[in-house]
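Here the structure is a predicted model, which means the values were calculated and not measured.
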Amino acid sequence: MAPERVGDIHGGSASGFKHDNSKWKVRAKHYKKLVPAIGTDKIRNLMDMNTLYGGFAAALISDPLWVMNVVSSYAPNTLAVVYDRGLIGTYHDWCEAFSTYPRTYDLLHLDGLFTAESHRCEMKYVLLEMDRILRPNGYAIIRESSYYVDAVVAIAKGMKW
């Protein structure tokens with residue numbers, strides 16, 4: 001059942017929420033095949049850098065980890081829905097530094113952030129910030145259009161990822 005506040009969000013609906021939930025259940029299974037350490041004690045702290053309703057965190061709720069859900073400060077205000085689900089989250093502008101101790105996260109997940117924010121800030125600065133907060137031997141899962149994936153690969157090689 002969708003939290004009541006889903007309807008308060010511009011474009012939010014119970015059917016959209018259900019679709020988001022089912023999408024993330026499938027993706028989480030796929031991610032566990034890509035990164036077998038998900039669900040083990042090797043990955044404890046995750047960040048969903050561009051969450052909508054906290055679906056990724058909800059799909060991993062039975063695993064021994066926690067997910068910081070980050071809602072873009074330039075996206076629809078969905079943080080209340082994340083909280084209604086009993087999840088943790090914050091707002092953030094990825095054109096700015098994220099307030100955290102360096103090397104805090106084992107896995108960073110980014111879905112469509114570069115597409116959404118490309119008109120506001122340069123991708124290389126977001127990737128450098130990701131490098132700062134990602135622990136050594138950590139993982140980054142980046143879901144983007146092929147244009148941005150190709151650009152990320154070029155920058156990531158220069159960063160020795």
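Taking the side chain as every heavy atom from C-beta outward, Trp94 and Val70 approach each other to under 4.5 Å. Within the 4.5 Å cutoff, the side chain of Tyr105 has no heavy atoms near those of the Met49 side chain. Taking 4.5 Å as the limit, some side-chain heavy atom of Leu52 sits within range of a side-chain heavy atom of Asp20. Side chains of Asn45 and Trp66 form a contact here, defined as non-hydrogen atoms less than 4.5 Å apart.
Counting only residues at least two apart or in different chains, ring-ring contact (aromatic ring centres under 6.0 Å, His included) contacts with residues 117-143 are absent.
Leu113 CG to Thr51 OG1: the interatomic distance, rounded to the nearest 0.5 Å, is 11.5 Å. With values rounded to the nearest 0.5 angstrom, Ile142 atom CD1 is found 11.0 Å from Asp111 atom CG. Taking CZ of Phe98 as the reference point, atom OG1 of Thr104 lies at 9.0 Å (rounded to 0.5 Å). The distance from the CD atom of Glu96 to the OG atom of Ser73 is 8.0 Å, given to the nearest 0.5 Å. Here Phe56 contributes atom CZ and Tyr31 contributes atom OH; the two are 6.0 Å apart, rounded to the nearest 0.5 Å. Rounded to the nearest 0.5 angstrom, Thr90 OG1 and Tyr83 OH are separated by 6.0 Å.
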Identify every side-chain donor-acceptor pair in residues 145-159 under 3.5 Å, counting partners at least two apart or on other chains, and give the distances.
from: Tyr148; atom 1: OH; to: Ser118; atom 2: OG; distance (Å): 2.9

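For the residue pair Arg85 and Asn21, a side-chain donor N or O sits within less than 3.5 Å of a side-chain acceptor on the partner.
Around atom NZ of Lys23, more than 12 heavy atoms belonging to other residues, nucleotides or ligands sit under 6.0 Å away.
Side-chain atoms of Thr78 do not come within 3.5 Å of backbone N or O of Val81 as any donor-acceptor pair. In this structure, Asn69 contributes its side chain and Ile88 its backbone to a donor-acceptor pair below 3.5 Å.
Taking the side chain to side chain donor-acceptor pair (under 3.5 Å) definition, one finds that Thr115 meets it with Glu144, sequence neighbours left out. With sequence neighbours excluded, the residues satisfying side chain to side chain donor-acceptor pair (under 3.5 Å) with Tyr91 are Asn77. Residues meeting the side chain to side chain donor-acceptor pair (under 3.5 Å) test with Arg103, sequence neighbours left out: none. Applying the ring pair (Phe, Tyr, Trp, His ring centres under 6.0 Å) criterion to Phe114, with sequence neighbours excluded, gives no partner residue.
Hydrophobic clustering of Ile, Leu, Val, Met, Phe, Trp and Tyr side chains at less than 4.5 Å, counting indirect connections, unites Trp24 with Ile43. One hydrophobic cluster, built from ILVMFWY side chains closer than 4.5 Å, holds both Ile133 and Met123. Two different hydrophobic clusters hold Leu60 and Leu87 under the rule that ILVMFWY side chains link at heavy-atom gaps under 4.5 Å. Note: the hydrophobic cluster containing Leu65 does not contain Met68 (ILVMFWY, side chain heavy atoms under 4.5 Å, direct or indirect links).
Counting all heavy atoms, side chain and backbone alike, Ala59 lies closest to Ala28 at CB-CB, 3.7 Å.
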Item to check | Step-by-step side chain to side chain contact (heavy atoms under 4.5 Å, CB included) determination, Glu117 to Asn50 | outcome: CA-CA 10 Å; Glu117 302 290 337; Asn50 194 31; 5.7 Å; no
Checklist entry - Given the rule in the side chain to side chain contact (heavy atoms under 4.5 Å, CB included) test, do Val126 and Glu129 qualify, once you have shown the distances and angles that lead to the verdict? => result CA-CA 5 Å; Val126 176; Glu129 183 64 4; 5.6 Å; no
Next on the checklist: Run Leu34 and Ile141 through side chain to side chain contact (heavy atoms under 4.5 Å, CB included) and show every step you take.
Outcome noted: CA-CA 9 Å; Leu34 285 174; Ile141 298 175; 5.6 Å; no
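Here the rule is side-chain contact (heavy atoms from CB on, under 4.5 Å) with Met47, and of Val67, Leu108, Thr100 only Leu108 fits it.
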